[in-house]
Amino acid sequence: MTSMPEFSPVFREQLHDLFRWRRDVRHFRRDPLPEPVLDGLLRTACLAPSVGLSEPWRFVRVDDPHRRAAVRSDFARCNARALSDRAGVDAQRYARLKLAGLDDAPHHVAVLSHPEPAQGRGLGRGTMPQTTTWSTVMAIHTFWLAATAAGIGVGWVSIIDPERIKAMLDVDPALELVAYLCVGYPARPASTPELERRGWERRAPERREWIRR
């Protein structure tokens, strides 16, 4: 029987630093990652837990320039609509935000989730079927942490139309688009969220306390 490794206080402190430096990156260098590094991030992501060991995630690399251009166009359309829903100072502040690194990121990765995978045989999903999506989110977070540990940035683009993106990528329509990720070396690493640095929002201290019942 294999014994669990012991993690030193130094490692635990470094792990805390990893969480702190895991940021949503929007500013990228254009030089691509070595293929073994990108493949390694995928293998690490697949170590994530999943409901019933269903592993519902599907990682799709978007390399085709025409598909990338279509995704950028969809982001611009959705972002313009989001801006039109705001007014006054709020709209001005929103317009100044950089909300995606689609132009510069050397790698685009779409992450999809199978809502009813055969693998796992339905275990754990009878009363909470959305756990397949949550499992895929765990894989995304695992990918993100592994990338951060390697000095690589990841940005989650959510201002897009999921159904349109799936059609652009020609994937199984039964799959759910969970994330569209920009991946590459960050141009300006930072330990605080960009939205906080730009004055859009701050973390809520009360969220760090237990809610007791």
Side-chain angles (χ1 to χ4, degrees), residues 22-33 35 37-46 48 50 55-85 94-95 97-115 117 130-148 150 152-188 190 193-195 200:
R22 188 235 35 92
R23 298 272 60 86
D24 190 358
V25 176
R26 289 90 182 266
H27 305 271
F28 292 91
R29 290 163 30 193
R30 295 196 174 190
D31 46 315
L33 305 180
E35 285 296 320
V37 171
L38 199 56
D39 290 343
L41 294 180
L42 174 61
R43 287 193 296 271
T44 300
C46 292
S50 62
E55 299 180 315
W57 47 76
R58 305 290 186 271
F59 285 77
V60 178
R61 279 185 55 178
V62 184
D63 297 331
D64 180 77
H66 299 292
R67 286 193 166 113
R68 286 194 183 198
V71 171
R72 285 196 294 270
S73 178
D74 189 70
F75 167 80
R77 181 183 64 85
C78 292
N79 195 43
R81 186 174 61 192
L83 176 59
S84 70
D85 290 338
Y94 183 94
L97 297 173
K98 180 177 175 61
L99 297 174
L102 292 166
D103 292 334
D104 295 329
H107 305 286
H108 291 196
V109 178
V111 188
L112 301 106
S113 186
H114 201 303
Q130 63 270 45
T131 47
T132 52
T133 302
W134 300 344
S135 298
T136 299
V137 172
M138 290 291 290
I140 293 168
H141 192 233
T142 303
F143 180 96
W144 211 328
L145 290 176
T148 303
I152 297 163
V154 176
W156 187 325
V157 184
S158 60
I159 308 173
I160 49 177
D161 184 316
E163 294 304 316
R164 286 171 61 93
I165 299 300
K166 287 196 302 182
M168 292 172 192
L169 301 182
D170 192 25
V171 297
D172 183 348
L175 297 176
E176 173 193 10
L177 179 70
V178 179
Y180 194 93
L181 305 178
C182 295
V183 182
Y185 295 113
R188 296 186 291 276
E194 182 168 341
L195 294 180
W200 178 262

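These numbers were taken from a predicted model, which means no experiment stands behind them.
R26 contributes a side-chain N or O that, together with a main-chain N or O of K98, makes up a donor-acceptor pair within less than 3.5 Å. The main-chain N or O of C78 is never found under 3.5 Å from a side-chain atom of D161 such that the two would form a donor-acceptor pair. Of the possible polar contacts, none joining the T148 side chain to the R22 backbone as a donor-acceptor pair under 3.5 Å is found. Listed for the R67 side chain is a donor-acceptor partner under 3.5 Å among the backbone atoms of M168.
Residues forming a side-chain hydrogen bond (donor to acceptor under 3.5 Å, both in side chains) with D85 (at least two apart in sequence, or on another chain): none. The side-chain contact (heavy atoms from CB on, under 4.5 Å) search around A48 returns W57, M138, A139, T142, not counting sequence neighbours. With sequence neighbours excluded, the residues satisfying salt bridge (charged side-chain N to carboxylate O under 4.0 Å, His left out) with R72 are D103. H27 is linked by a side-chain hydrogen bond (donor to acceptor under 3.5 Å, both in side chains) to R188, E194, counting only residues two or more places apart in sequence or in another chain. For T131, the side-chain contact (heavy atoms from CB on, under 4.5 Å) criterion is met by V51, R125, M128, W134, not counting sequence neighbours. The salt bridge (charged side-chain N to carboxylate O under 4.0 Å, His left out) search around D104 returns R30, not counting sequence neighbours. For R164, the side-chain hydrogen bond (donor to acceptor under 3.5 Å, both in side chains) test picks out D74, with sequence neighbours left out. For the side-chain contact (heavy atoms from CB on, under 4.5 Å) test, residues two or more places apart in sequence or in another chain that qualify with L97 are L99, L195, R198, W200. In terms of the salt bridge (charged side-chain N to carboxylate O under 4.0 Å, His left out) criterion, R81 has no residue partners (sequence neighbours excluded). Applying the side-chain hydrogen bond (donor to acceptor under 3.5 Å, both in side chains) test to T132 and every residue at least two apart in sequence or in another chain returns nothing.
Taking CG of L42 as the start and CZ of R61 as the end, the distance is 9.5 Å to the nearest 0.5 Å. Within the model, atoms CZ of F75 and CD1 of I160 stand 9.5 Å from one another, a figure rounded to the nearest 0.5 Å. Between the CG atom in D24 and the OG atom in S158 there is a gap of 8.0 Å [rounded to 0.5 Å].
The minimum heavy-atom distance linking P106 with R29 is given by the pair CD-O, 3.4 Å. Nearest heavy-atom pair, V157 versus A100, reported as atom, atom and distance to 0.1 Å: CG2-CB, 4.0 Å. Closest heavy-atom contact between F28 and G155: CZ-N, 4.0 Å. Of all heavy-atom pairs spanning S50 and E55, the tightest one is OG-N, 3.0 Å. The minimum heavy-atom distance between P56 and P117, with the atom names listed, is CB-CG, 4.2 Å.
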Discussion item. Determine whether T136 and S113 satisfy the following criterion, side chain to side chain donor-acceptor pair (under 3.5 Å), listing intermediate values before the conclusion.
Written reply: CA-CA 6 Å; T136 299; S113 186; 2.7 Å; yes
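Residues in residues 131-147 take part in no salt bridge (charged side-chain N to carboxylate O under 4.0 Å, His left out) pair, two or more places apart or across chains.
T44 places none of its side-chain heavy atoms less than 4.5 Å from the side chain of F143. Taking the side chain as every heavy atom from C-beta outward, L112 and V60 approach each other to under 4.5 Å. Annotation: side chain of V25 is not in contact with side chain of V154 (no heavy-atom distance under 4.5 Å).
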What donor-acceptor contacts under 3.5 angstrom involve side-chain atoms of residues 170-184, with partners at least two apart or in another chain?
{"unit_1": "D172", "atom_1": "OD1", "unit_2": "A174", "atom_2": "N", "d": "2.9"}
{"unit_1": "E176", "atom_1": "OE1", "unit_2": "T133", "atom_2": "OG1", "d": "2.6"}
{"unit_1": "Y180", "atom_1": "OH", "unit_2": "H108", "atom_2": "ND1", "d": "2.9"}

